[in-house]
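First comes the structure, then the notes that go with it.
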There are 2 protein chains.
Amino acid sequence: MSEAKTIGPRPYHHGDLTRALVDAARRLLEAEGPSALSLRAVAREAGVSPAAPYHHFKDKAELLDAVANVGWDLLGVQMSTAKAATTGMQQLTALGIAYVCFARENPALYHVMYDAAREKDEMPEGVQGNKDSAYCMVRDTMIENGADPSQDTHLELAGVAAWCGAHGLAEMASFKQFDHLKEQLGGEVPFFEAVLSHMGLFPKPHHDC
Amino acid sequence: MSEAKTIGPRPYHHGDLTRALVDAARRLLEAEGPSALSLRAVAREAGVSPAAPYHHFKDKAELLDAVANVGWDLLGVQMSTAKAATTGMQQLTALGIAYVCFARENPALYHVMYDAAREKDEMPEGVQGNKDSAYCMVRDTMIENGADPSQDTHLELAGVAAWCGAHGLAEMASFKQFDHLKEQLGGEVPFFEAVLSHMGLFPKPHHDC
DNA sequence: TTCTAATTTGAACGATGTTCAGATAGGCAC
DNA sequence: GTGCCTATCTGAACATCGTTCAAATTAGAA
């Protein structure tokens, strides 16, 4: 068959279509948003027939799961890097800001990461599924700083509050809201930090009781 | 012409199809979940042809907007009721719990309320659009209790944190997560209250510092 | 080489969102 | 009543979607 070639005529057998499809999906996601992410469009972007993906993914949901997993991996890297750059309880703030910034910088991907789970009514793997998942990283950081949640319900609740708060802030941030506060505080990141400082166990600048 | 459409006027052929369609959509949402909410299914449920809705809504998104608005109205009622049942800063906790409980009790509707907005990348009307919107109700309650956010950036940030936190908790609650904590605290509502007490300006029930 | 299993394709099916010409029927002038 | 206007509703159509399947193609083992 003669077809438009990006890097040369593709042989009948692609080689690594699984990866190519996930990459194509991410490209589409970046360029056109989540609503443009149809199975056929992904196949088209990968230069392959609409039926080809079915030999690599059970259905569309499984393809989206794969894309979501890439997102969780990227988030994990971003959070790890942020954590490594700080020490003590400030690491928790760094993790929270990394989480919110990731959602802000990759809104379409972030959307897919949770949408895949919403369909199934179960928490995404990337949250609590394994030791590298996001919330587990938070818990580990707490423990490393002598705040073991499993030993203290109060701490556990603070951790949950911090997690929920960061997620809520990430969602609201994706709506591009609270612009006057961002401006007043000198940018998005200071705004994120200021909001997070009111949540759960994130260290507060001044705590009066 | 434009007549009151709440109760009274009987327009035409099929009755008030505008309302009938929204009702049918809510019925489908309740019975089959958000993924079953196609325009054609709604028309079918209302006993009408697939093209009929287009004389009452510009497109599917506008129908979903109408459904979402019903949801925001219901949430407003639930929050107002909760607020009226308490006094002082406890009203803020009541508002937060009402918000989270609404999301927990109407997961499909809650999903539609935000999905309609996610499509457009703008905050739903029901959050900040008018004086009866949810976040405005929170701000009003703050002001009534002598905590005017417009006078104090710190208070404003605490309000934003509380709002984001409640939203994040509502989302996580829809995933039916943190079951061991719920059990330990004696139910979902005590769990919600405990988490919220770690967020923003929600008063802490046990005044330990 | 020959055989086998894994990929890929093209065509097909049912369902979806949407449009459009035409049918239906209330409201109004006469 | 008769005629007309206009909003409403239908049926058929179109493009797209997710998915399945037999047939075509090719890689890799025998």
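Chain A is the first sequence line, chain B the second, and so forth, proteins listed ahead of strands; every chain is numbered from 1.
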Worksheet entry | Nearest-angstrom distance from the residue atom NZ of B:Lys58 to P of C:dG17 | 15 Å
Practice prompt. Output the single nucleotide from D:dT10, C:dT18, D:dT19 whose closest atom is nearest the side chain of A:Tyr54.
Written response: D:dT19
Practice prompt. Determine which pairs satisfy salt bridge (charged side-chain N to carboxylate O under 4.0 Å, His left out) with at least one residue from residues 153-170 of chain A, sequence neighbours left out, and list them in order.
Written response: A:Arg139-A:Glu156
Item to complete: Under the side chain to side chain donor-acceptor pair (under 3.5 Å) rule, collect the residues that match up with A:Ser150, sequence neighbours excluded.
Response: A:Asp148
Item to complete: Take the protein atom CZ of B:Phe57 and the nucleotide atom P of C:dT19, then report the distance between them rounded to whole Å.
Response: 15 Å
Below 3.5 Å, can you tabulate the donor-acceptor pairs from side chains in residues 61-74 of chain A to any protein atom, sequence neighbours excluded?
from: A:Glu62; atom 1: OE2; to: A:Lys58; atom 2: N; distance (Å): 3.1
from: A:Asp65; atom 1: OD2; to: A:Lys120; atom 2: NZ; distance (Å): 3.4
from: A:Asn69; atom 1: ND2; to: A:Asp65; atom 2: O; distance (Å): 3.4

Worksheet item: What pairs meet the side-chain hydrogen bond (donor to acceptor under 3.5 Å, both in side chains) rule with one or both residues in residues 107-117 of chain B, with sequence neighbours excluded?
Response: B:Tyr99-B:Tyr110, B:Tyr99-B:Tyr114, B:Tyr110-B:His167, B:Asp115-B:Arg118
Fill in: Rounded interatomic separation in angstrom, taking CG from B:Leu17 and C1' from C:dT24
15 Å
Worksheet item: Of the nucleotides C:dT7, C:dG10, D:dG11, which one has an atom closest to the side chain of B:Ala51?
Response: D:dG11
Worksheet item: If you check the B:Val48 side chain, which of D:dT10, C:dT7, C:dT9 turns out closest?
Response: D:dT10
Item to complete: Grab the CD-P distance between B:Glu45 and C:dA15 for me, whole Å please.
Response: 17 Å
Worksheet item: Taking B:Asn145 for the side chain and B:Ala147 for the main chain, is one N or O donor matched with an acceptor at less than 3.5 Å?
Response: no
Worksheet item: Which of these nucleotides, D:dC9, C:dT9, C:dT7, is closest to any side-chain atom of A:His56?
Response: C:dT7
Worksheet item: Residues two or more places apart in sequence or in another chain: which of them pass side chain to side chain contact (heavy atoms under 4.5 Å, CB included) with A:Lys83?
Response: A:Gln91, A:Leu95, A:Thr141, A:Glu144
Worksheet item: Taking the side chain of A:Ala52 as heavy atoms from C-beta outward, which of C:dT9, C:dT18, D:dC9 is closest to it?
Response: C:dT9
Quick test: give all pairs of protein nitrogen or oxygen and nucleotides 15-17 of chain D nitrogen or oxygen below 3.5 Å, distance rounded to 0.1 Å.
from: D:dC17; atom 1: OP1; to: A:Ser38; atom 2: OG; distance (Å): 3.2
from: D:dC17; atom 1: OP2; to: A:Arg44; atom 2: NH2; distance (Å): 2.7

